[in-house]
Amino acid sequence: MKLKPGYYLNEDVVGLAKDLLGKVLYTKIDDEITAGIIVETEAYFGIKDKASHAYGGRRTNRTETMYGAGGIAYVYLCYGMHHLFNVVTSVENDPHAVLIRGVEPLVGIEIIEKRRGMSGTKGAISAGPGSAAKALGIDRAFNTKSLLGDEIWIEDHGIRYDEENIAATPRVGIAYAKEHALLPWRFFVKGNKYVSKPNKV
DNA sequence: CCGCCGATCTACT
DNA sequence: GTAGATCGGCGGA
């Protein structure tokens, strides 16, 4: 069920971003377990990707997390109020990552509703990277944590989507990345309610 | 040391 | 449709 270490060492981060659709992301905080099906992701292609914090091989306290071996969490604060959660992939010193942009609530719905202050029937409860992280209670304390432990992990429940039900589009919010902004490295499940706003192909 | 701005979300007109 | 919230990382002085 739980994904193995080898899964995260895959050097094809774009393929992994697509494969993570349908996997289930769990967190356990103060003995409260919540989980959601991953329905939207984006790939960040290491040092060659202008949209990545690690572009050009930049190493700082913040980006150091992404240089670790695949299988850990990279969480950072954006716009002073949103925590964005990424899965670090590939081998050590190859800073690839997959941003989790949307999850479909699966376990602990009441807890998720309390964290978000809205009904689980609303797609907005966990659509978009900031909302998805908050729904699962993820904050900067999760940065560098292993995805193989018992605080945060990912399971395979055998959920699979056909090619025709997966959309690949340019990433969101990275216009500054110039030509790299056009690469179709955002993946989402077509028609799913927990996919963030620009839900078009 | 200072100043800018971001892999965003929500409320309100 | 659009403004406001809110803060740490980063680069330049």
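Only a predicted model underlies this, so the values are computations on that prediction, with no experimental measurement involved. We name chains A, B, ... by the order of the sequence lines, and we start the count at 1 in each one.
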Report summary line: Residues of residues 46-56 of chain A with a heavy atom under 4.0 Å from any atom of DNA chain C, listed by number, are none

Query raised in the report: Would a line drawn from the ring center of His96(A) to the ring center of Phe45(A) be shorter than 6.0 Å?
Result: yes

Query raised in the report: In terms of heavy-atom contacts, does NZ of Lys122(A) have more than 12 from other residues, nucleotides or ligands at under 6.0 Å?
Result: no

Query raised in the report: Between dT6(C) and dG3(B), how far is it from one C1' atom to the other, in whole Å?
Result: 15 Å

Requested in this report: Scan side-chain atoms only and decide if Arg58(A) and Thr63(A) contain a donor-acceptor pair under the 3.5 Å cut-off.
Outcome: no

Query raised in the report: With Thr121(A), which residues qualify under side chain to side chain contact (heavy atoms under 4.5 Å, CB included), at least two apart?
Result: Ser119(A)

Query raised in the report: For the pair made of CG in Leu84(A) and C1' in dG9(C), what is the distance, rounded to whole Å?
Result: 15 Å

Query raised in the report: Across the strands shown, which category fits Arg58(A) at heavy-atom distances under 4.0 angstrom: base, sugar-phosphate, nothing?
Result: sugar-phosphate

Query - side chain to side chain donor-acceptor pair (under 3.5 Å) contacts in which one or both residues fall within residues 3-17 of chain A, not counting sequence neighbours - result: Tyr7(A)-Asp19(A)

Report task. With sequence neighbours left out, write down each residue that passes salt bridge (Lys or Arg N to Asp or Glu O under 4.0 Å) with Glu104(A), or none if nothing qualifies. Result -> none

Report task. Taking side chain to side chain contact (heavy atoms under 4.5 Å, CB included) as the test, write out the residues that go with Ala43(A), two or more places apart. Result -> Val13(A), Val14(A), Ala17(A), Trp185(A)

Query raised in the report: For Arg116(A), what residues pass the salt bridge (Lys or Arg N to Asp or Glu O under 4.0 Å) criterion, not counting sequence neighbours?
Result: none

Report task. Give the rounded distance in Å between these two atoms: NZ of Lys122(A) and C1' of dA11(B). Result -> 13 Å

Query raised in the report: Which whole-number value in Å describes the distance from Asn143(A) CG to dA7(B) P?
Result: 16 Å

Requested in this report: Run through Val24(A), Leu25(A), Asn192(A) and flag the one making a side chain to side chain contact (heavy atoms under 4.5 Å, CB included) with Ile37(A).
Outcome: Val24(A)

Query - side chain to side chain donor-acceptor pair (under 3.5 Å) contacts touching residues 175-184 of chain A (sequence neighbours left out) - result: Lys50(A)-Glu179(A)

Requested in this report: Could you state the atom-to-atom distance from CD1 of Ile125(A) to P of dT10(B) in whole Å?
Outcome: 10 Å

Query raised in the report: For residues 64-84 of chain A, which residue pairs qualify under side chain to side chain donor-acceptor pair (under 3.5 Å), counting only residues two or more places apart or in two chains?
Result: His53(A)-Tyr74(A), Arg59(A)-Glu64(A), Thr65(A)-Asn143(A)

Nucleotide N/O to protein N/O under 3.5 Å, stretch nucleotides 3-5 of chain B:
none

Just the atom pairs and distances: protein N or O near nucleotides 4-8 of chain C's N or O, under 3.5 Å.
unit_1	atom_1	unit_2	atom_2	d
dT6(C)	O2	Tyr79(A)	O	2.8

Query - Side chain to side chain, Val195(A) and Arg186(A), heavy atoms closer than 4.5 Å - result: yes

Report task. Identify which nucleotide among dA7(B), dC9(B), dT8(B) has an atom closest to any side-chain atom of Tyr76(A), counting heavy atoms from C-beta outward. Result -> dA7(B)

Report summary line: From CZ of Arg171(A) across to C1' of dT8(B) the rounded distance in Å is 17 Å

Query - Phosphate OP1/OP2 of dT8(B) contacted by Arg101(A) side-chain N/O (<4.0 Å) - result: yes

Query raised in the report: Below 4.0 angstrom from OP1 or OP2 of dG9(C), is there any side-chain N or O of Thr60(A)?
Result: no

Query raised in the report: Ile174(A) near the nucleic acid: base, sugar-phosphate alone, or nothing, with a heavy-atom cut-off under 4.0 Å?
Result: sugar-phosphate

Requested in this report: Let me know the distance between CZ of Arg62(A) and P of dG6(B), rounded to the nearest Å.
Outcome: 12 Å

Query raised in the report: Can you list every side chain to side chain donor-acceptor pair (under 3.5 Å) pair that touches residues 27-39 of chain A, not counting sequence neighbours?
Result: Thr27(A)-Thr34(A), Thr34(A)-Arg115(A)

Report task. Could you measure between the two C1' atoms, the one in dC5(B) and the one in dG4(C), and give it in whole Å? Result -> 15 Å

Report summary line: Output field dot_bracket for DNA chain B (Watson-Crick or G-U, both distances under 3.5 Å, | for other-strand pairs) contains ||||||.|||||.

**Report entry** Met118(A) CE to dT10(B) C1', straight-line distance once rounded to whole Å
**Finding:** 8 Å

Report task. Taking only Lys NZ, Arg NE, NH1 and NH2, and the carboxylate oxygens of Asp or Glu, determine whether Lys2(A) and Glu155(A) approach each other closer than 4.0 Å. Result -> no

